Engineer: 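The following block contains the structure, expressed as structure tokens.
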Amino acid sequence: MKTIVALQAVVTASSLDFEPSAAELDAIDREMPLIRAEVELLDAQIMTIDRPANELDSRRVRRARNRVLAARRDLTNRAGTVQSGGAA
């Protein structure tokens, strides 16, 4: 039987040698508005974990959800125009 510990060093060492490609960095840049909106939503939800949500907290969470949905919509629309090549 092979142990996982013996293989772990090989897997870990090889996975650290790679840098993100330019295409991967561009994809992250395109998704950054969505990432920021999701972080804001998470922050709003975390604030309401240990206490009952008041009206202000409910508004904050609702607005953060709306920003996430808008960012997803914008990202999807941009991806659709890039894939179609702009030919109309």
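Numbers here are sequence positions counted from 1. From a predicted model like this one, the values you see are computed outputs, not experimental measurements.
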Engineer: If I take atom CG from residue L25 and atom CD1 from residue I28, how far apart are they, to the nearest 0.5 angstrom?
Structural biologist: 5.5 Å
Engineer: Do you know which two heavy atoms are closest between Q45 and R65, and how far apart they sit?
Structural biologist: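 For Q45 and R65, the tightest heavy-atom pair comes out as NE2-NH2, 4.1 Å.
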Engineer: Between R78 and E31, does at least one N-O distance fall below 4.0 Å, as a salt bridge requires?
Structural biologist: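 Salt bridge: no.
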Engineer: When clusters are formed by joining ILVMFWY residues with side-chain heavy atoms under 4.5 Å apart, either directly or through shared neighbours, do I49 and L42 land in the same one?
Structural biologist: yes
Engineer: Heavy-atom distance under 4.5 Å between the side chains of E38 and R72, does that happen here?
Structural biologist: yes
Engineer: How far apart are the C-alpha atoms of R36 and E40, what are their side-chain angles, what is the distance that settles it, and do they pass the salt bridge (charged side-chain N to carboxylate O under 4.0 Å, His left out) test?
Structural biologist: CA-CA 6 Å; R36 286 189 184 116; E40 288 179 23; over 6 Å; no
Engineer: If you measure from CD1 on I46 to CG on L41, what distance do you get to the nearest 0.5 Å?
Structural biologist: 9.5 Å
Engineer: Out of curiosity, R73 CZ to L34 CG, how far, rounded to the nearest 0.5 Å?
Structural biologist: 12.0 Å
Engineer: Can you name the nearest heavy-atom pair linking R30 to L75, along with the distance?
Structural biologist: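 For R30 and L75, the tightest heavy-atom pair comes out as O-CD1, 3.5 Å.
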